[in-house]
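Below: one structure, written as structure tokens.
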Amino acid sequence: MSSGAGQLDVARVRGLFPGLSDGLLHADGPAGALVPESVVRAVSQAMRVPIAERGGVFAASARAEQLVSGARSALADMVGGMPSGVVLGPNTTSLTYALARALAKHWRRGDEIVVSRLDHDANIRPWLQVAEQVGMTVKWAEVDIETGELPDWQYDELLTDRTRLVAVTAASNAIGTCPDVAAIALRAHRVGALVYVDGAHAAAHTLLDVDVLGADFLAVSAYKWGGPHVGAVIAHPGLLDELRPDKLAPASDRVPDRFETGAPSYELYAGVAASVDHLAALCPDVSGTRRQRLTASMAAVGRYEAEVFDWLSDALRSMAHVQVIGSPQYRTPTLSFTVSRMRPRQVSTELARRGVCAWDGDFYSRELFDALGVNEAGGAVRLGLMHYNTPEEVGHLIDHVSAFR
Ligand SMILES: Cc1ncc(COP(=O)(O)O)c(C=O)c1O
């Protein structure tokens, strides 16, 4: 695979990841990507100098302020949002719970919420639980069990003037499906509903844009693309201003600060900014603003990943003893499969023996796997490619899975 302007030089990229020195084949990216050296350095540099809380008059406090604003502006660039609309927190799950609780204060018995069977439980369970507390009706968007697609036309039936929120993923972390979120959001907005998009899996593979998606809230987790374990929800600051999350009395009431409880992981925020800079620099010959460079580099990541993934996917589908789940048209380089006469745990154990890191189970996409009937047999095995995986590795994956015949 050649490298040139706007193309990914995978050999160079691999040199940026100290974790690759373990010599293993990392096909476990959807559960958390490897971390580039620049991110490791940024976090340790941040910890070498004093950091205090924000709001003081001395240098260590100013540093904390800089770390927060650095992470917010990086994440805003990552998703085309505004830094003042970036709520930082530990992870997508915790932030979604916090937003669900804050939004529920505006909802009434009989209001409706629409969740999707394609989603990770992080974008289902918090909504189901607040819906139960408030007495709301929950409606489900279903997945086509053959293709693994989430058809957007079904939302015409699901949405009413009582719908308050539609929760949907930008990509399935289990089977890779990228639903047409923009088409779903358009329908949701027509009835005045808010749209909460889970971008945790998608963000590592495609450049998300809150406006293009039509997302009122977009949740992401930096550890999915090479950052530290920090999450964020990006929303319009005006929308955040309407919400009153539970918070301590002395804590700032400004937006987005009012959503961030307690002392945050300041040092990790340095790594968040570095991880976005890492992605923005993947095509070093491209110049421009960080968002422009991200646009070019994520396009290169998408092209590269699609090329190697198609080979993997086609090869696995051609094996009589392998069942690949779903065949969505738009997807990330992530797939789940089962092997005839082997439990998924057996397959992942055999892969681990051969030096491959791969997950088995339901990957918290429990509703999806229950609907597909794969949970009864222990779920599936997941292979997920990242921008540091090589064609050689894909060749090895194919050989290993082929050997389970
Ligand atoms: C699509 C998706 N949504 C949500 C989550 C949960 O993210 P977090 O671990 O940051 O709470 C994950 C993590 O696996 C995910 O892949």
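This is a predicted model, so every value here is computed, not measured. In each ligand, atom 1 is the first atom listed, and ligand 1 is the first ligand listed.
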For [atom], what's the nearest protein heavy-atom neighbour? Residue, atom name and distance, please.
atom                    : answer
atom 7 (O) of ligand 1  : Thr92 CB, 3.6 Å
atom 16 (O) of ligand 1 : Asn173 CB, 3.1 Å
atom 15 (C) of ligand 1 : His120 CD2, 3.3 Å
atom 14 (O) of ligand 1 : Lys224 NZ, 2.6 Å

Could you tell me whether Arg345 atom CZ has more than 12 heavy atoms of other residues or ligands within 6.0 Å of it?
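Open: at most 12 neighbouring heavy atoms sit under 6.0 Å from CZ of Arg345.
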Around atom CH2 of Trp359, are there more than 12 heavy atoms from other residues, nucleotides or ligands closer than 6.0 Å?
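Incorrect, the count does not exceed 12.
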Can you find an N or O of Ser221 that's nearer than 3.5 Å to an N or O of ligand 1?
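Yes; the residue has a nitrogen or oxygen that sits under 3.5 Å from a nitrogen or oxygen of the ligand.
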Nitrogen or oxygen of Thr93 less than 3.5 angstrom from that of ligand 1:
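Yes.
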Report yes or no: does a heavy atom of Tyr223 sit under 4.0 Å from some atom of ligand 1?
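Right, Tyr223 reaches ligand 1.
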State if His229 counts as touching ligand 1 under the rule of any non-hydrogen atom under 4.0 Å.
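In this structure, His229 fails to qualify as a contact of ligand 1 - no heavy atom is under 4.0 Å.
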Parallel, tilted or perpendicular: which one describes the rings of Phe369 and Phe363, with boundaries at 30° and 60°?
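Because their plane-to-plane angle is over 60°, the rings of Phe369 and Phe363 count as perpendicular.
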Using 30° and 60° as the class limits, which term best fits the ring planes of His120 and Tyr364: parallel, tilted or perpendicular?
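Because their plane-to-plane angle lies in the 30° to 60° range, the rings of His120 and Tyr364 count as tilted.
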Hey, which of Val401, Val324, Asn389, Leu397 is the one that makes side-chain contact (heavy atoms from CB on, under 4.5 Å) with Leu312?
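It is Leu397; the other options fail the test.
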Glu307/Arg303 salt bridge by N-O under 4.0 Å criterion:
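Answer for the salt bridge query: no.
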For atom 1 (C) of ligand 1, the option (of Asp198, Asn91, Val230) bearing the nearest heavy atom:
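Checking each option, the heavy atom nearest atom 1 (C) of ligand 1 is found in Asp198.
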Please could you name the atoms of ligand 1 that His201 approaches to less than 4.0 Å, counting only its heavy atoms?
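Taking each heavy atom of His201 in turn, ligand 1 has 1 (C) under 4.0 Å.
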Which ligand 1 atoms, with their elements, are less than 4.0 angstrom from a heavy-atom of Ala200?
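Near Ala200, meaning under 4.0 Å from one of its heavy atoms, ligand 1 has 2 (C), 3 (N), 4 (C), 15 (C).
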Would you say the ring centers of Phe17 and His278 fall short of 6.0 Å from each other?
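Between Phe17 and His278, the centre distance is under 6.0 Å.
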Interatomic distance, Arg291 atom CZ to Ser73 atom OG [nearest 0.5 angstrom]
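Going from CZ on Arg291 over to OG on Ser73, the span is 13.0 Å.
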